[in-house]
Amino acid sequence: MRELTGYDVGGLRAAFGAAGYTVDGVAERLGEQANGALGRNETAPAVRRTDSGDALDTMIRLFLLQRTVPEALVDKAIPGVDLVALGIIATTGGEARAVLDIRPFAEDEREWWVVADPTPGLDGRREAMRSDYVLGIAPASLSLIHLTVPIKADRALDIGTGCGIQSLHLADRVNQLVATDVNPRALQLARWTAALNHIDLDVREGSLYEPVRGERFDLIVSNPPYVISPPGGDLTYRETGYAGDAVVEQLIRQAPDHLTDGGWCQLLANWTCVRGEDWQDRIATWTADRSAWAVQREQLDPSEYVELWLRDAGLHGSPQYTTRYDEWMRYLEDQSVEAIGMGWITLHNVGGTLDAESWPYEIERPIGPHVLHRFERLEGLPADLTALHLRVADDVIQETTGQPGAEDPATIVLRRQRGMRRAEQVDTVLAGFVGACDGDLSTGQILAALADLMDRPLVDVLSDYLPQIRNLIVEGFLNY
C-alpha cells in the first residue's frame, strides 16, 4: 500500500459525497430490515436492495457487504483514484473485491469515513484474522466515545488508536491530537482516516506512554488491548505480552505523570477478580491518591470469558478451539482468577480517592457529560452541607409501593431518568426533605423543620441524613 495523496483524498471524498455514501444515505438505501440484518452480520437482505449498479450500491456492496463487484462499476463509482495501487481493492478477471473497509460514520451532525480492515464473520463465515488486523467501528470504540468527558483541551492523547475513530470524536475540541499504537498497520490506517476527514493527527509508533515520554496532556483516552489471555495470542488489537490485567494497571498508574493538573484519563478495561482479593481494592492501588471512578459493567466467570474471546477470534468450531480453550483456562486458574470484570475507569488528576462500583444496568448515552458533572459535584462539595440551597433535578421521579389505604407507603424510591439512571430507596423523612428542595430554604433549615415534626434532636437528624443527602447530591438527584 502506498500513502494517500491529497489527490486521492479529494477523489475519494468527491466520489463518496456524490454517491451519498453517508450514514443516512446507506440507511435510506438499505431500509430498516436490511440495516438490522447487517447489524447481525447478515448481508442477504442488503444484497437484494443494492442491485441497481449505481455508485452508492457499488460502494455498499464493495465495502459493507464484502461482495465482488465488476471492476468497471468501481471505476465508474470512484473515478480517477488508483484503488489497486493504494491497496484498497484487489482485482481478478474483471472483478474487484475490497481489501480495506471504508465506511461512513456520523456523530453530532458530523459525517466522517473510517478506514479499517473488513469486518470478519459476515454471513457466518469463519475467517482467521491477520495478526495485525485493524478493527473498525465496534461497540467498544463507541462506548469510549460515549464515555469521554466533553471538555475543550489543548492536547489529547489516544493510546492504541487502531483505525483512529477516537481522534475523529476529539478533533473539534482539541488543538493538538497525538495517536499511538504498536501496530504499524493501524498507524497507517489511522493516518488515512485522519487524512480522509481533513484532521491533523500526530501519529507515533510505540507501547503505552513510550512515544510521549516527558509530555503532558489535558485528556488521555484509550481502548487498549485489554483482553486477559495466555501467551500465544497474536491479535495485536486485543492482546499484549502483559500478564493478566497489567496493561490496564500501567495505563492508570502512569497516567498522572502524563497529565496536566486537572487532566483526565479515561479507558475501557478488563480486570481480574482474584481469589481472596477485592477488585475495588486492587484498582485503588492503581489510582493511589488521585480522584477516580471505576464502573464494572459486567462480570464473567472464566469459562464465559474464554468462550467470548475465542468466538471473537473466529475459533469457535475450529480444530484448535479445544486446545486453546484448555490453555486459556489453565492460565487463569494459575493466576487464581475467579472472574473477570469488564467496564471503564476514569481518573481525574486531582487529589482524591477511588469510587468503585458494579453497575450492570441501562445508562444514558452519551454518559460523558454525566461523568464530568459527577466529578464536579463530588470534588466541589463543601464539608458543611447545611448552608446549601438545593433543588431537585428535573429528571427525578418518585415511585411508591404499599398496601391500598395504608397510611405510609411500604417503599419509596427516587429514580433518575438520565445519567446512570440510578434508583435510591429512601424513607419518608428523606422523601419529605427532597420534596422540600425548591431552592428556597437551606438544607439546615429543612432538616430543623423535620426534626421539630418528628420531635427528635436536630443533631441526630443531621447525623442520620446528611450522609444520604451528600450521596443524592453526588449522584445528581439534588443540585446546588
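Since this is a predicted model, take the numbers as computed values, not measurements.
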Practice task
Walk me through it: do R173 and T148 pass the test side chain to side chain contact (heavy atoms under 4.5 Å, CB included)?
Solution key: CA-CA 12 Å; R173 48 194 177 89; T148 305; 3.8 Å; yes
Quick one: side chains of residues 195-202, donor-acceptor pairs under 3.5 Å with protein atoms, not counting sequence neighbours, listed by atom name and distance.
residue : atom : partner : partner atom : Å
N197    : OD1  : W113    : N            : 3.0
N197    : ND2  : W113    : O            : 2.7
N197    : ND2  : T193    : O            : 2.6
D202    : OD1  : R204    : NE           : 3.4
D202    : OD2  : R204    : NE           : 3.3
D202    : OD2  : R204    : NH2          : 2.9

Handout entry: Distance-only donor-acceptor check, side chains Q299 and W279, under 3.5 Å
Key = no
Exercise for the section: Could you list the residues that satisfy side-chain hydrogen bond (donor to acceptor under 3.5 Å, both in side chains) with S303, not counting sequence neighbours? Expected result: D301
Handout entry: Which atom of A292 lies closest to which atom of T287, heavy atoms considered
Key = CB-CG2, 3.6 Å
Practice task
Drop me the distance from N270's CG to I340's CD1, to the nearest 0.5 angstrom.
Solution key: 8.0 Å
Handout entry: Donor-acceptor side-chain pairing of Q296 and W271 below 3.5 angstrom
Key = yes
Exercise for the section: Indicate whether any N or O donor in one side chain lies under 3.5 Å from an N or O acceptor in the other, for T272 and Q335. Expected result: no
Handout entry: Heavy atoms of other groups near D261 CG, more than 12 under 6.0 Å
Key = no
Fill in the blank from the handout: The residue among V182, D117, N183 that forms side chain to side chain contact (heavy atoms under 4.5 Å, CB included) with D132 is N183
Practice task
Before giving the answer on salt bridge (charged side-chain N to carboxylate O under 4.0 Å, His left out), spell out for R103 and D101 the whole-Å C-alpha distance, their side-chain angles and the decisive distance to 0.1 Å.
Solution key: CA-CA 6 Å; R103 68 177 55 211; D101 181 333; 2.7 Å; yes
Practice task
Please confirm whether R421 makes a cation-pi placement over W359, using NZ or CZ under 6.0 Å from the six-membered ring centre and within 45° of the ring normal.
Solution key: no
Practice task
Rounded to the nearest 0.5 Å, what's the gap from CG on L157 to CD on E215? Could you check?
Solution key: 8.5 Å
Practice task
Would you confirm whether S141, through its side chain, and A138, through its main-chain N or O, come within 3.5 Å as a donor-acceptor pair?
Solution key: yes
Handout entry: Backbone N/O of G206 and side chain of E210: donor-acceptor pair under 3.5 Å
Key = no
Completion exercise
By side-chain hydrogen bond (donor to acceptor under 3.5 Å, both in side chains), D8 pairs with (sequence neighbours left out) R2, T5
Handout entry: Geometric cation-pi criterion R374 and W293, 6.0 Å radius, 45° cone
Key = yes
Problem - Geometric cation-pi criterion, R155 with F217: 6.0 Å, 45° - result: yes
Fill in the blank from the handout: Of all heavy-atom pairs linking P256 and R216, the shortest is O-NH1, 3.0 Å
Exercise for the section: For side chain to side chain donor-acceptor pair (under 3.5 Å), just list the numbers for T346 and Q266, CA-CA rounded to whole Å, side-chain angles, deciding distance to a tenth of an Å, and then say yes or no. Expected result: CA-CA 4 Å; T346 295; Q266 296 187 279; 3.1 Å; yes
Handout entry: Test item: side-chain donor near acceptor, R29 and T50, under 3.5 Å
Key = no
Exercise for the section: Evaluate salt bridge (charged side-chain N to carboxylate O under 4.0 Å, His left out) for E357 paired with R297, printing each intermediate quantity in order. Expected result: CA-CA 9 Å; E357 61 177 315; R297 298 286 290 145; over 6 Å; no
Exercise for the section: Please work out whether the ring planes of F375 and W264 are parallel, tilted or perpendicular, with thresholds of 30° and 60°. Expected result: perpendicular
Practice task
First locate atom CG of L147, then atom NE2 of H370, and finally report the distance between them rounded to the nearest 0.5 Å.
Solution key: 11.0 Å
Problem - Main-chain N/O of P211 paired with T180 side-chain donor or acceptor, under 3.5 Å - result: no
Handout entry: D57 and S52: side chain donor to acceptor below 3.5 Å
Key = yes
Fill in the blank from the handout: So CG of N479 and CD1 of I473: to nearest 0.5 Å the spacing works out to 9.0 Å
Practice task
Return yes when atom CD of E3 has more than 12 non-hydrogen atoms of other residues, nucleotides or ligands closer than 6.0 Å, and no otherwise.
Solution key: yes
Exercise for the section: Measure across W328 and S229 and return the closest heavy-atom pair with its distance rounded to 0.1 Å. Expected result: CZ2-CB, 3.3 Å
Problem - R49/E28 ion pair, N-O < 4.0 Å - result: no
Problem - salt bridge (charged side-chain N to carboxylate O under 4.0 Å, His left out) assessment of R416 paired with E475 - result: CA-CA 9 Å; R416 287 203 64 196; E475 301 304 344; over 6 Å; no
Fill in the blank from the handout: Smallest heavy-atom separation, P224 atom then L267 atom, equals CG-CD1, 4.3 Å
Completion exercise
In terms of heavy-atom contacts, A46 and L30 come closest through CB-CD2, 3.8 Å
Practice task
Could you pull out all residues at least two apart from R311 that satisfy side-chain hydrogen bond (donor to acceptor under 3.5 Å, both in side chains)?
Solution key: none
Exercise for the section: Hey, can you tell me if W309 and Y226 have their rings parallel, tilted or perpendicular (30° and 60° cut-offs)? Expected result: perpendicular
Check residues 70-95 and write down every donor-acceptor pair under 3.5 Å in which the side-chain atom is one partner and the other belongs to a residue at least two apart or another chain.
residue : atom : partner : partner atom : Å
D82     : OD1  : V84     : N            : 3.4
D82     : OD1  : A85     : N            : 3.1

Practice task
Find the distance between CG (N223) and CZ (R238) and round it off to the nearest 0.5 Å.
Solution key: 13.0 Å
Exercise for the section: Ignoring hydrogens and angles, state whether a donor on the side chain of E107 or H169 is under 3.5 Å from an acceptor on the partner side chain. Expected result: yes
Handout entry: Which atom of D218 lies closest to which atom of D154, heavy atoms considered
Key = OD2-N, 2.9 Å
Side-chain donor-acceptor contacts of residues 33-40 below 3.5 Å, not counting sequence neighbours, with atom names and distances?
residue : atom : partner : partner atom : Å
N35     : ND2  : A27     : O            : 3.2
N35     : ND2  : G31     : O            : 3.3
R40     : NH1  : G36     : O            : 3.3

Exercise for the section: Identify whether the distance between the nearest side-chain nitrogen and carboxylate oxygen of R418 and D394 falls below 4.0 Å. Expected result: no
Handout entry: N/O donor-acceptor pair under 3.5 Å between Y209 side chain and Q254 backbone
Key = no
